[in-house]
Amino acid sequence: VQLQASGGGLVQAGGSLRLSCAVSEFALGHDAIGWFRQGPGKEREWVSFIGPTAGRLYYADSLKGRFTVSRDDANNIVYLQMNNMKPEDTAVYYCAAAPEHYGSTWYEKSANYDYWGQGTQVTVSS
């Protein structure tokens with residue numbers, strides 16, 4: 001399984017970007033996708049999650065209402081739409097694939113993901 005994140009770039013505060021995560025193939029059971037980000041001098045943090053059937057969507061509390069995750073299984077792409085962006089959204093964004101786990105918030109933990117994309121840089125200017 002290979003993942004490739006793209007769509008990053010430079011945007012002004014209040015602007016929008018849509019990131020894409022192209023998945024070469026969904027390995028059996030590894031079709032839950034998480035988005036993470038790592039800002040300069042910060043630890044990697046969880047951003048969003050979409051379950052295998054897109055019926056389960058979760059977001060970090062601080063991002064609810066601004067970010068939307070979706071998936072196009074016909075083309076093996078997962079999207080992260082980011083609106084009303086803020087300078088603190090500046091980070092390298094990563095997508096990752098995982099099998100389902102037990103536990104209510106397993107998707108927030110990067111250790112539960114087996115496959116990672118290379119990351120795409122997002123910079124939000126003030």
Side-chain angles (χ1 to χ4, degrees):
V1 177
Q2 292 183 330
L3 296 90
Q4 183 168 357
S6 62
L10 175 64
V11 63
Q12 288 188 332
S16 298
L17 279 177
R18 188 177 76 163
L19 304 183
S20 299
C21 177
V23 185
S24 61
E25 62 184 79
F26 283 110
L28 183 63
H30 282 76
D31 47 6
I33 302 296
W35 285 95
F36 292 78
R37 69 184 184 183
Q38 187 166 14
K42 299 180 181 179
E43 295 185 351
R44 187 173 297 186
E45 64 174 344
W46 170 70
V47 171
S48 181
F49 169 87
I50 185 166
T53 60
R56 295 167 59 220
L57 307 175
Y58 303 120
Y59 303 93
D61 287 342
S62 61
L63 304 175
K64 289 180 181 178
R66 297 196 298 120
F67 287 18
T68 303
V69 64
S70 61
R71 62 191 296 154
D72 175 0
D73 286 335
N75 293 296
N76 287 357
I77 301 176
V78 175
Y79 299 102
L80 183 68
Q81 177 69 42
M82 305 184 293
N83 298 326
N84 189 24
M85 298 187 71
K86 304 176 180 181
E88 51 263 43
D89 294 325
T90 295
V92 178
Y93 284 72
Y94 300 88
C95 57
E100 284 283 8
H101 288 70
Y102 293 104
S104 60
T105 59
W106 68 263
Y107 45 82
E108 297 181 9
K109 300 175 176 62
S110 60
N112 289 327
Y113 292 81
D114 297 323
Y115 302 101
W116 290 79
Q118 84 287 3
T120 184
Q121 176 70 48
V122 171
T123 303
V124 184
S125 63
S126 57

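What you see is a predicted model; the values in this text were computed from it and never measured.
Nearest heavy-atom pair, I33 versus C95, reported as atom, atom and distance to 0.1 Å: CG2-CB, 4.4 Å. Taking both residues in full, the closest heavy atoms of P87 and S126 are given as CG-CB, 3.9 Å, listed atom of the first, atom of the second, then distance. Scanning both residues, V92 and Q121, for their nearest heavy atoms gives CG2-OE1, 3.2 Å. Closest approach of N75 and D72 over heavy atoms only: ND2-OD2, 2.7 Å.
Evaluation of the side-chain hydrogen bond (donor to acceptor under 3.5 Å, both in side chains) test over residues 37-47, restricted to residues two or more places apart or in two chains, returns R37-E45, R37-D89, R37-Y93. For residues 2-20, the pairs satisfying side-chain hydrogen bond (donor to acceptor under 3.5 Å, both in side chains) are S16-N83, with sequence neighbours left out.
Hydrophobic clustering keeps L10 apart from L17 (ILVMFWY residues linked when any side-chain heavy atoms are closer than 4.5 Å, directly or through intermediates). Tracing side-chain contacts under 4.5 Å through hydrophobic residues (I, L, V, M, F, W, Y), one reaches V47 starting from V78; they form part of the same cluster. Following chains of ILVMFWY side-chain contacts shorter than 4.5 Å, one cannot reach F36 starting from Y59, and the two form parts of different hydrophobic clusters. Hydrophobic clustering (ILVMFWY, side-chain heavy atoms < 4.5 Å, transitive): Y94 and L63 are in distinct clusters.
For K86, the side chain to side chain donor-acceptor pair (under 3.5 Å) test picks out no residue, with sequence neighbours left out. Scored by the salt bridge (charged side-chain N to carboxylate O under 4.0 Å, His left out) test, E88 finds no partners at all (sequence neighbours excluded). Taking the side chain to side chain contact (heavy atoms under 4.5 Å, CB included) definition, one finds that S70 meets it with Y79, sequence neighbours left out. Under the side chain to side chain contact (heavy atoms under 4.5 Å, CB included) criterion, D114 pairs with H30, P99, sequence neighbours left out.
Side-chain atoms of R56 never come within 3.5 Å of backbone atoms of F49 as a donor-acceptor pair (strictly under, hydrogens ignored). Side chain of T123 to backbone of T90: no donor-acceptor contact under 3.5 angstrom is found.
Atoms CD1 and CG, on I77 and L3 in that order, are 12.0 Å from each other to the nearest 0.5 Å. For the atom pair OH (Y58) and CD (E108), the distance works out to 10.5 Å, reported to the nearest 0.5 Å. Note that CH2 of W35 and SG of C21 are 5.0 Å apart. Values are rounded to the nearest 0.5 Å. Taken from OG1 in T68 to CE in M82, the straight-line distance is 11.0 Å, to the nearest 0.5 Å. Distance CG/D31 to CD1/I50: 10.5 Å, rounded to 0.5 Å.
Note: Y113 and W106 have tilted aromatic rings, judged against thresholds of 30 and 60 degrees for the angle between ring planes.
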Query raised in the report: Checking side chain to side chain contact (heavy atoms under 4.5 Å, CB included) for the pair F67/S48: CA distance, chi angles, key distance, verdict?
Result: CA-CA 8 Å; F67 287 18; S48 181; 5.8 Å; no
